[in-house]
Amino acid sequence: MPLIGYARISTEDQTALPQSQALKSAGCFEIYEEQASGGNRARQVLARVLERIGKGDTLVVVRIDRLARSLSHLLELIERLEAKGAFFRSLTDPIDTSSPQGKFTLQVLGAAAEFERALIRERTKAGLASARTKGRVGGNPGLRARDPAALRKVRLARQDGYMERLSETAQDWVPHVRRLRPDLAWEDVVRIINGPLPEARRWTQSRLLRAVKAYVRDGFLPAEVLARAGRRETADRLPAIVAAIKGADPNITLQAICDRLESMRERTPRGRAKWQPSSVKMLLERAEQLALLENDNAMSK
């Protein structure tokens, strides 16, 4: 069971060496280091690790705060790993999702998070009911009066909330959009993004376009990603898709690409639902001829 380590520091004054040494001692054969705030959910190295990790692998950290700074984010990341058949382990915390004890600890954490949310909802309802009995009307007076300044403030707050929600899922879609657009059509980009995601987190084309436009507006993505996709011959569409999957994970195997194409419900060149590694290899060769592959060793896997 391959162990993949992830070490994070927050500032340049810190060093990831102690974490890396502990991860190496734990048996990690790959260790990724990143300098980023724990509150930033769109970390590039972490996104690359989550894309790289495969079935049977285990993501290892020294402490859970190196991976996530909130319980909701931690549970979300573990859910992503479980969807890929991978596991999570913290060296100094009692969490190892490959063991029954670790799964039980995770279930307790999830129940505690849900209980906390329920308490907040109940306290909010009780506070509103108490205010109504005292004759106080909830809401923003400026909004009730349609004051332009109040309306603008609410609009900006909603935009900030939307961007914050997008940042929680950015690692799912931003790398793909940055790499694939405008070479591939939006419908193909959406299918590639949704391939490894659980059903509850999959994107529609309209939702993805809205998110991309917001990121372009704020400078997180270049405007070129919104350009019209170039016309591609029908025969070149499948090589482009296979090349995109390979580009996201240069170490991915032919069989794993088959599994990804089947999860996307992509048909083979002969119209079949079941993919074979030989078909994928043929498409990779075609992709190399079309200069769609970035990795010279694309067909060696």
Side-chain angles (χ1 to χ4, degrees), residues 1-11 14 16 18-20 22-23 26-28 30-121 160-175 193-194 196-203 211:
M1 184 182 295
L3 304 180
I4 299 175
Y6 174 74
R8 181 187 63 80
I9 57 175
S10 300
T11 66
Q14 299 173 328
Q19 295 180 55
S20 296
L23 292 170
C28 294
E30 286 184 53
I31 298 174
Y32 294 82
E33 297 181 359
E34 182 166 31
Q35 179 195 325
S37 168
N40 178 15
R41 298 196 179 192
R43 289 173 249 157
Q44 294 184 356
V45 175
L46 178 58
R48 192 161 67 247
V49 173
L50 294 174
E51 184 67 29
R52 156 73 179 85
I53 204 164
K55 185 176 181 180
D57 294 343
T58 298
L59 178 62
V60 184
V61 297
V62 174
R63 299 189 309 274
I64 57 175
D65 66 347
R66 298 300 87 195
L67 182 67
R69 293 287 290 274
S70 69
L71 180 56
S72 62
H73 190 205
L74 175 64
L75 295 175
E76 175 189 326
L77 292 174
I78 293 177
E79 179 185 349
R80 288 192 63 186
L81 292 173
E82 290 182 338
K84 301 184 71 171
F87 306 101
F88 170 71
R89 179 188 304 172
S90 172
L91 299 181
T92 57
D93 303 291
I95 299 179
D96 182 350
T97 60
S98 64
S99 69
Q101 296 87 348
K103 289 183 177 179
F104 175 74
T105 301
L106 189 62
Q107 290 171 352
V108 171
L109 290 174
E114 179 58 33
F115 179 64
E116 182 182 8
R117 288 192 293 269
L119 287 178
I120 293 173
R121 287 194 297 268
D160 289 344
Y162 176 62
M163 295 301 292
E164 184 176 349
R165 292 193 299 274
L166 284 184
S167 70
E168 296 175 358
T169 62
Q171 57 197 5
D172 291 341
W173 56 276
V174 169
I193 290 173
N194 286 339
L197 297 180
E199 186 71 30
R201 295 224 318 278
R202 293 184 176 177
W203 293 78

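These figures come from a predicted structure and were not determined experimentally.
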Response to the item:
CZ of F87 to CG of D57, rounded to nearest 0.5 Å, is 9.5 Å
Discussion item. I'd like to know if the side chain of R66 and the backbone of Y6 have a donor-acceptor N/O pair within less than 3.5 Å.
Written reply: no
Item to complete: Measure across P2 and G56 and return the closest heavy-atom pair with its distance rounded to 0.1 Å.
Response: CD-O, 4.0 Å
Item to complete: Considering non-hydrogen atoms only, spot the tightest contact between H73 and A68 and give its length.
Response: ND1-CB, 3.7 Å
Worksheet item: Does the pair L46 and L67 meet the rule for a side chain to side chain contact (heavy atoms under 4.5 Å, CB included), with working shown?
Response: CA-CA 8 Å; L46 178 58; L67 182 67; 3.7 Å; yes
Discussion item. Tell me the closest heavy-atom pair linking S10 and Q35, and the distance in Å.
Written reply: O-CG, 4.0 Å
Worksheet, complete the sentence: Sorted by chain and number, sequence neighbours left out, side chain to side chain contact (heavy atoms under 4.5 Å, CB included) with P18 holds for T15
Side-chain donor-acceptor contacts of residues 74-86 below 3.5 Å, not counting sequence neighbours, with atom names and distances?
{"from": "E76", "atom 1": "OE1", "to": "R41", "atom 2": "NH1", "distance (Å)": "3.4"}
{"from": "R80", "atom 1": "NE", "to": "D172", "atom 2": "OD1", "distance (Å)": "3.2"}
{"from": "R80", "atom 1": "NH1", "to": "D172", "atom 2": "OD1", "distance (Å)": "2.8"}
{"from": "R80", "atom 1": "NH2", "to": "D172", "atom 2": "OD1", "distance (Å)": "3.1"}
{"from": "K84", "atom 1": "NZ", "to": "L50", "atom 2": "O", "distance (Å)": "2.7"}
{"from": "K84", "atom 1": "NZ", "to": "E51", "atom 2": "O", "distance (Å)": "3.2"}
{"from": "K84", "atom 1": "NZ", "to": "I53", "atom 2": "O", "distance (Å)": "2.8"}

Worksheet entry | R43 side-chain N/O to Q171 backbone N/O, donor-acceptor pair under 3.5 Å | no
Practice prompt. Nearest 0.5 Å please: distance from the CD atom of E34 over to the CD atom of Q44.
Written response: 7.5 Å
Discussion item. Given 3.5 Å as the limit, does a donor-acceptor pair link the side chain of R8 with the main chain of D65, or not?
Written reply: yes
Worksheet item: How many angstroms lie between CH2 in W203 and CG in N194, if you round to the nearest 0.5 Å?
Response: 9.5 Å
Item to complete: Using modelled atom types only, decide if a donor and an acceptor are shared between the side chain of Q19 and the backbone of V62 within a distance under 3.5 Å.
Response: no
Discussion item. With heavy-atom distances below 4.5 Å as the criterion, would you say the side chains of L197 and W173 are in contact?
Written reply: no
Fill in: Distance, nearest 0.5 Å, that separates CG of L91 from CG of D96
9.5 Å
Discussion item. Nearest 0.5 angstrom please: L59 CG to S90 OG, how far?
Written reply: 10.0 Å
Worksheet item: Any donor-acceptor pair under 3.5 Å linking the side chain of T97 with the backbone of F88?
Response: yes
